[in-house]
Amino acid sequence: MDKFKRALGGGLAMLLSLATVSCGGGGGGTVAPSSSGVTTMAAASNVVAVTVDAGPDSASASTVNTLYTTVTVCMPGSTTECQTIDNIQVDTGSSGLRILAPVLTLSLPVTVASDGNSLVECTQFVDGFSWGPVASADVQIAGESASSVPVQVIGSSNFATVPAACSSTGPAEDKVATFGANGILGIGVFAQDCGSGCATNSTSGFYYSCSQTTCSPIAASLVSQVPNPVPLFTTDNNGTILVLPSVAADGAASVSGSLIFGIDTESNNASGTQTVLTLDQNGNFTTVYKGTTLSASFIDSGTNGIFFDDSSIPVCTSSGFSGFYCPTSTLSLSATLSGQNNVSTTVDFSIANAQTLATNNPTFTAFASLGGSYPSFTTTIASTTTFDWGLPFFYGRRVATAIEGYTTSVAMGPYVAF
């Protein structure tokens with residue numbers, strides 16, 4: 001049952017690296033493909049299918065409650081040199097398109113840093129890191145498209161030596177089996193993955209300038225950072241809506257739903273009577289759970305469970321279920337969510353025994369009552385202030401994510417609505 005691994009969303013669980021050592025790579029150039037292959041793009045609407053299933057590698061550690069879609073990337077300016085890549089994880093908790101080098105068949109041009117070397121990014125997670133160059137690609141998802149989008153190519157062999165400050169969080173997540181997907185589509189509430197801090201500060205540890213022999217931290221302008229691709233669309237660019245069906249108490253073998261681009265831009269993405277929670281500058285709102293106020297709370301499709309601290313709930317002790325809750329019977333719980341706009345709503349949820357779920361239905365990949373304790377680590381996101389509403393929150397809901405600074409008929413982003 002190795003697939004039962006806590007998978008927290010990339011952007012909101014990201015750590016900052018602080019030091020620099022040498023790395024491989026050179027200035028400019030292209031990201032070499034792993035094999036040859038060309039496909040063409042097909043027109044579509046502002047809706048793309050999403051699925052929860054076993055993913056690209058059934059042995060992967062992150063194939064429980066992992067939401068996938070399909071993305072097409074092309075050489076900049078080309079309509080024929082394109083590749084359609086499936087099993088891209090959909091993550092409302094981060095920003096940016098990231099593709100694993102082993103599945104990429106295009107030689108995308110690498111972005112040049114301000115000093116003329118190659119621009120390479122370090123993405124650190126709670127349980128590991130991803131390292132790879134920033135490259136340029138035209139991106140199409142359904143009928144939406146954007147040109148010359150900076151994307152991260154994770155695990156490129158051209159940049160194999162990773163600075164110690166980047167690799168300090170754990171093992172490399174640069175293979176399909178360890179990443180649990182062919183890439184990740186970050187469609188969170190922010191336009192860039194780092195923002196103004198990385199544009200003016202070379203010590204932030206996100207971006208590096210790499211020559212043939214060394215890498216050094218460098219500031220990256222907003223236009224060269226890996227962005228949320230949605231704001232770059234010509235239309236339907238102010239946010240997204242995820243629609244997933246309900247999942248039975250015992251789980252489901254797979255789930256199919258929709259990712260809709262835009263909010264109040266088409267007839268299929270109109271706002272209704274949903275609850276709107278505006279977010280703070282970190283993309284967070286407040287959860288009150290059993291009388292405890294957790295001000296760094298968020299809704300995140302890239303997290304595979306509901307993660308929060310409750311010492312009264314037994315934690316699993318069996319190998320393969322570390323960090324998940326294993327109560328003797330399914331718990332019916334509730335919490336109150338409040339936005340910066342002083343709007344509050346009560347959400348009911350359940351936490352089941354993770355080991356029992358897996359044992360009773362070993363081929364299932366979707367579980368609405370999967371949860372665990374939120375890990376403690378030394379960043380501004382602490383377990384004592386965090387309630388992570390992961391993918392189980394999305395089951396049976398229509399969840400909108402509005403991007404910072406963009407307006408809809410109900411509010412200006414950033415906000416979440418459901």
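Positions are given from 1, in the same order as the sequence printed here.
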Discussion item. Using modelled atom types and a 3.5 Å cut-off, is there a donor and acceptor pairing between side-chain atoms of Ser224 and backbone atoms of Ala220?
Written reply: no

Item to complete: Output the distance between atom CZ (Phe321) and atom CD (Gln355), rounded to the nearest 0.5 Å.
Response: 5.0 Å

Discussion item. With side-chain contact (heavy atoms from CB on, under 4.5 Å) as the criterion, how do Phe159 and Cys210 come out once you've worked through the C-alpha distance, each side chain's angles and the decisive distance to 0.1 Å?
Written reply: CA-CA 8 Å; Phe159 303 89; Cys210 292; 4.2 Å; yes

Worksheet item: Any donor and acceptor pair, going by atom type alone, linking the side chain of Asn87 with main-chain N or O of Asn182 inside 3.5 Å?
Response: no

Fill in: Close side-chain approach of Val149 and Leu97, heavy atoms under 4.5 Å
no

Worksheet item: Roughly how far apart are Thr111 OG1 and Asn117 CG, rounded to 0.5 Å?
Response: 13.0 Å

Discussion item. Show the nearest heavy-atom pair for residues Gly93 and Asp300, with the distance to one decimal.
Written reply: N-OD1, 3.1 Å

Worksheet item: Just by distance, do the side chain of Ser45 and the backbone of Val47 share a donor-acceptor pair under 3.5 Å?
Response: yes

Discussion item. Is there a side chain to side chain donor-acceptor pair (under 3.5 Å) between Tyr207 and Asn201? Walk through the geometry before answering.
Written reply: CA-CA 10 Å; Tyr207 289 96; Asn201 184 1; over 6 Å; no

Discussion item. Under a plain distance cut-off of 3.5 Å, with no hydrogens placed, do Gln83 and Thr105 share a side-chain donor-acceptor pair?
Written reply: yes

Item to complete: Sort out for me which residue in Val189, Thr386, Asn282 forms a side-chain contact (heavy atoms from CB on, under 4.5 Å) with Phe298.
Response: Thr386

Worksheet item: Without hydrogens or angle criteria, can the side chains of Thr66 and Gln89 be said to hold a donor-acceptor pair below 3.5 Å?
Response: no

Worksheet item: Going by heavy atoms in the side chains, are Leu337 and Leu277 under 4.5 Å from each other?
Response: yes

Practice prompt. Take Thr303 and Asp388, measure what side chain to side chain donor-acceptor pair (under 3.5 Å) needs, and give me the verdict at the end.
Written response: CA-CA 8 Å; Thr303 299; Asp388 183 351; 3.1 Å; yes

Discussion item. Could you tell me if Asp310 and Tyr374 have a donor-acceptor pair between their side chains, going purely by distance under 3.5 Å?
Written reply: no

Practice prompt. Might you work through the side-chain contact (heavy atoms from CB on, under 4.5 Å) test for Leu333 and Asp348, ending with a clear yes or no?
Written response: CA-CA 6 Å; Leu333 304 170; Asp348 297 324; over 6 Å; no

Worksheet item: Below 4.0 angstrom, N of the basic side chain to O of the carboxylate: do Arg98 and Asp174 qualify?
Response: no

Item to complete: Could you tell me the separation between the CG atom of Asp236 and the CG atom of Asn238, rounded to the nearest 0.5 Å?
Response: 8.0 Å

Practice prompt. Measure from the side-chain N and O atoms of Asn237 to the backbone N and O of Val230, and report whether any donor-acceptor pair falls under 3.5 Å.
Written response: no

Worksheet item: What is the distance from atom OG1 of Thr240 to atom CG of Asn269, rounded to the nearest 0.5 Å?
Response: 10.5 Å

Worksheet item: Distance-only, no hydrogens or angles: does the Ser78 side chain make a donor-acceptor pair with backbone N or O of Met75 under 3.5 Å?
Response: no

Worksheet item: Mind checking whether Tyr406 and Pro231 have side chains closer than 4.5 Å, heavy atoms only?
Response: yes

Practice prompt. Let me see the working for Ser369 and Ser350 under side chain to side chain donor-acceptor pair (under 3.5 Å), right down to the final yes or no.
Written response: CA-CA 5 Å; Ser369 54; Ser350 298; over 6 Å; no

Practice prompt. Quick one: do Leu119 and Val134 satisfy side-chain contact (heavy atoms from CB on, under 4.5 Å)? Show the steps, please.
Written response: CA-CA 6 Å; Leu119 186 65; Val134 178; 4.2 Å; yes

Worksheet item: So do Leu391 and Leu67 actually touch side chain to side chain, heavy atoms under 4.5 Å?
Response: yes

Item to complete: Taking atom types as modelled, find out whether Thr123 and Ser130 have a side-chain donor-acceptor pair closer than 3.5 angstrom.
Response: no

Discussion item. Tell me if a side-chain donor or acceptor on Ser211 pairs with a main-chain N or O of Thr214 at a distance below 3.5 Å.
Written reply: yes

Worksheet entry | Qualifying residue, where the test is side-chain contact (heavy atoms from CB on, under 4.5 Å) with Tyr68 and the options are Asp53, Leu185, Asp86 | Asp53

Item to complete: Can you see which heavy atom on Leu222 is nearest to which on Ser196, and at what distance?
Response: CD2-N, 3.9 Å

Fill in: Donor-acceptor contact present, side-chain Asn361 to main-chain Thr363, <3.5 Å
no

Item to complete: State, with a plain yes or no, whether a side-chain heavy atom of Val64 is found less than 4.5 Å away from one of Thr365.
Response: no

Worksheet item: Is any side-chain heavy atom of Thr51 less than 4.5 Å from a side-chain heavy atom of Val255?
Response: no

Worksheet item: Sub-3.5 Å donor-acceptor pair from the side chain of Asn46 to the main-chain atoms of Phe261, do we have one?
Response: yes

Worksheet item: Any side-chain donor paired with an acceptor under 3.5 Å for Ser338 and Ser344?
Response: yes

Worksheet item: With a 4.5 Å limit on heavy-atom distance, are the side chains of Pro414 and Thr278 in contact?
Response: no

Item to complete: Indicate the ring-plane relationship of Trp389 and Phe393, choosing parallel, tilted or perpendicular according to the 30° and 60° boundaries.
Response: perpendicular

Worksheet item: At their closest point, which heavy atom of Phe307 faces which heavy atom of Ser373, and how far apart are they?
Response: CD2-O, 3.7 Å

Item to complete: Give the C-alpha distance, both sets of side-chain angles, the deciding distance and a yes or no for side-chain contact (heavy atoms from CB on, under 4.5 Å) between Ile99 and Val73.
Response: CA-CA 10 Å; Ile99 302 171; Val73 293; 3.8 Å; yes

Item to complete: Please answer whether the main-chain N or O of Ser301 pairs with a side-chain N or O of Thr92 as donor and acceptor at a distance below 3.5 Å.
Response: yes

Response to the item:
So CD1 of Ile218 and OG of Ser221: to nearest 0.5 Å the spacing works out to 10.0 Å

Practice prompt. Just say parallel, tilted or perpendicular for the rings of Tyr289 and Phe308, cut-offs at 30° and 60°.
Written response: perpendicular

Worksheet item: Is a side-chain donor-acceptor pair under 3.5 Å present for Asp115 with Ser209?
Response: yes

Ignoring hydrogens and angles, write down the donor-acceptor pairs under 3.5 Å from the side chains of residues 245-252, residues two or more places apart or on other chains.
none

Discussion item. Could you tell me if the side chain of Leu279 sits less than 4.5 Å from the side chain of Val416, heavy atoms only?
Written reply: yes

Item to complete: Please name the pair of heavy atoms, one in Cys215 and one in Pro163, separated by the smallest distance, quoted to 0.1 Å.
Response: CB-CG, 4.5 Å

Worksheet item: Closest heavy-atom contact between Pro102 and Ile154?
Response: CD-O, 4.2 Å

Practice prompt. State, to 0.1 Å, how close Val139 and Ile141 come at their nearest heavy-atom pair, and which atoms those are.
Written response: CG1-CG1, 4.1 Å

Worksheet item: When rounded to the nearest 0.5 angstrom, what is the spacing between OG1 in Thr292 and CZ in Phe387?
Response: 11.0 Å

Worksheet item: Is there a donor-acceptor contact under 3.5 Å from the side chain of Asn65 to the main chain of Gly305?
Response: no

